[in-house]
*Asks:* 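Here it is: the structure, laid out below.
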There are 2 protein chains.
Amino acid sequence: MDQLRETLKGHHLRTTTCREDVLSTFITKKNALSHGDLEGALGENYDRVTIYRTLKTFLEKGIIHKVLDDEGLRYALCSHNCSEEKHHHDHIHFKCSECGETNCLENLHIPAVQLPNGYQPENFNLLIQGVCPKCG
Amino acid sequence: MDQLRETLKGHHLRTTTCREDVLSTFITKKNALSHGDLEGALGENYDRVTIYRTLKTFLEKGIIHKVLDDEGLRYALCSHNCSEEKHHHDHIHFKCSECGETNCLENLHIPAVQLPNGYQPENFNLLIQGVCPKCG
DNA sequence: AATAATTGTGCAACTTTGTTGCAAGTGATA
DNA sequence: TATCACTTGCAACAAAGTTGCACAATTATT
Ligand SMILES: [Mn+2]
Ligand SMILES: [Mn+2]
Ligand SMILES: [Zn+2]
Ligand SMILES: [Zn+2]
């Protein structure tokens, strides 16, 4: 895939097979992935530590974003072009209690909230848990 | 405190000093606490494992609820009377990037969201990060 | 009040998850 | 192809969470 190299280059990252494989895994499985998921998928090829560092790098560069969860952090691709400077998201995440998958609902964004005086909001994370269409 | 015993009894739990102390810690510090926070506050009196088990018990009984976070789960008191059966929350959580505190905004509830067909929502978690009034 | 049944605690041992330093390997550039 | 900065694997470590079991504390029963 040359698309992968493009993405990495676009974020000023060297092309390495680990980064290509991690990125590719995010693209093919389209749901949010934990470090453990990636270790399961690629752990025979790469060291655990390298996967941790790849995730950290991707986070910093705006290739992926964190997805909150009540039983362990996950990560998902940033669909719009995030960067090191601007790393903004306001879409909803849905976690299915049946299949366990967590997905970005990219085109559903978090409704505005009127906070009390003095609160300066910067970041919003909404996780909805329930049953997804596949499992319903 | 007899209030503590009342609460425990009300949830069909035996009164022990660990449970009283954990509950009391949640009441006095009014923000969301991690296991580590409690270990810091009470760790000389009780074993780490006991604190884990106390949190698990409190969760199951509806005394506390989970608070999502991007760097580790926290817990906070259920203000309205949750129980083993009905354990419902729809209020917003705010995490301050300055002081690090996470608090329940009990009277701000999460706005309704119109999900696409097929999604059956059951639980909502909204974490807003930013600067709190104290630190602003 | 004494005893029995039940539940909670501490300890030890273990697993899982995440971090750090460093030497060797690799990719971009000239 | 030579150079240099960056990336990787490995080892060692630290932090977080789990499990089994003997003993302690609490509650129920007599
Ligand atoms: Mn997302
Ligand atoms: Mn809360
Ligand atoms: Zn599902
Ligand atoms: Zn603050």
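Lettering follows sequence order; numbering is per chain, from 1. None of the values given here were measured: they were computed from a predicted structure.
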*Asks:* At the 4.0 Å heavy-atom cut-off to chain B, mark where contacts on DNA chain C begin and end, going 5' to 3'.
*Replies:*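 Under 4.0 Å from chain B, the extent on DNA chain C is C:dT6 to C:dA12.
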*Asks:* A:L73, A:I64: one ILVMFWY side-chain cluster at the under-4.5 Å cut-off?
*Replies:* yes
*Asks:* Got a donor-acceptor contact below 3.5 angstrom from the A:T50 side chain to the A:Y46 backbone?
*Replies:*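 No, A:T50 side chain to A:Y46 backbone: no donor-acceptor pair under 3.5 Å.
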*Asks:* What distance do B:F124 atom CZ and A:I128 atom CD1 have between them, rounded to the nearest 0.5 Å?
*Replies:* 5.0 Å
*Asks:* For A:K61 and D:dC6, give me the distance from atom NZ to atom C1', rounded to whole Å.
*Replies:*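 The answer, rounded to whole Å, is 11 Å.
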*Asks:* Name all residues meeting the side chain to side chain contact (heavy atoms under 4.5 Å, CB included) criterion together with B:S79; count only those two or more places apart in sequence or in a different chain, and write none if there are none.
*Replies:*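 Only B:E106 meet the side chain to side chain contact (heavy atoms under 4.5 Å, CB included) criterion with B:S79.
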*Asks:* If two hydrophobic side chains count as joined below 4.5 Å and joins carry through other members, does A:V49 share a cluster with A:L38?
*Replies:*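 Result: no, two separate clusters.
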*Asks:* To the nearest 0.5 Å, what is the distance between OG1 on B:T54 and CG on B:L42?
*Replies:* 9.5 Å
*Asks:* Are A:E71 and A:K95 ion-paired here, with the side-chain N under 4.0 Å from a carboxylate O?
*Replies:*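 Judged by the 4.0 Å cut-off on N to carboxylate O distance, A:E71 and A:K95 do form a salt bridge.
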*Asks:* Counting distance only, does the side-chain N/O of A:S97 pair as donor-acceptor with the main-chain N or O of A:G130 below 3.5 Å?
*Replies:*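 Yes: the side chain of A:S97 pairs with the backbone of A:G130.
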*Asks:* Rounding to a whole Å, what distance do you find between A:Y46:OH and D:dC10:C1'?
*Replies:* 17 Å
*Asks:* Hey, can you pull the residues of residues 47-58 of chain A with a non-hydrogen atom under 4.0 angstrom from DNA chain C?
*Replies:* A:R48, A:V49, A:Y52, A:R53
*Asks:* Specify the angle, to 10°, made by the local axes at the two ends of the helix from C:dA1-D:dT30 to C:dA30-D:dT1 when five pairs are taken at each end.
*Replies:*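 It works out to 40° between the end axes.
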*Asks:* Got a donor-acceptor contact below 3.5 angstrom from the A:H109 side chain to the A:H91 backbone?
*Replies:*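 Not a single qualifying donor-acceptor pair exists.
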*Asks:* Nearest whole Å is fine: how far is D:dA5 P from A:H12 NE2?
*Replies:* 19 Å
*Asks:* Are A:I110 and B:I110 linked, directly or through other ILVMFWY residues, by side chains that come within less than 4.5 angstrom of each other?
*Replies:* yes
*Asks:* Closer to the 5' end of DNA chain D via nearest nucleotide, is it B:K9 or A:R19?
*Replies:* A:R19
*Asks:* Round to a whole Å and report the spacing from CG of B:L13 to C1' of D:dA25.
*Replies:* 15 Å
*Asks:* Less than 4.0 Å between a side-chain N and a carboxylate O, is that true for A:K134 and A:E98?
*Replies:*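 No, no charged N to carboxylate O under 4.0 Å.
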*Asks:* Within residues 64-73 of chain A, which residues have any heavy atom lying less than 4.0 Å from an atom of DNA chain C?
*Replies:* none
*Asks:* Check the distance between D:dA25's C1' and B:R5's CZ and give it to me in whole angstrom.
*Replies:* 13 Å
*Asks:* Could you tell me whether the side chain of A:T102 and the main chain of A:A32 form a donor-acceptor pair under 3.5 Å?
*Replies:* no
*Asks:* Between the main-chain N or O of B:K61 and the side-chain N or O of B:H11, is there a donor-acceptor pair closer than 3.5 Å?
*Replies:* yes
*Asks:* Name the pairs: protein N/O against N/O of nucleotides 2-4 of chain D, kept only if under 3.5 Å.
*Replies:*
none

*Asks:* Begin with the C-alpha distance, continue with both residues' side-chain angles, and end with the deciding distance and a verdict on side chain to side chain donor-acceptor pair (under 3.5 Å) for B:S34 and B:D37.
*Replies:* CA-CA 5 Å; B:S34 65; B:D37 294 333; 3.2 Å; yes
*Asks:* For the residue pair B:N103 and B:K30, what are the closest heavy atoms and their distance?
*Replies:*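 That closest heavy-atom pairing would be OD1-O, 3.8 Å.
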*Asks:* Rounded off to whole Å, could you give me the CD-to-P distance for the B:E20 and D:dA25 pair?
*Replies:*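 One finds 15 Å between P of D:dA25 and CD of B:E20, rounded.
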*Asks:* Nearest-Å distance, CG (A:N45) to C1' (D:dC10)?
*Replies:*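 Those two atoms, CG and C1', are 17 Å apart.
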*Asks:* Would you say the ring centers of A:Y75 and A:H65 fall short of 6.0 Å from each other?
*Replies:* no
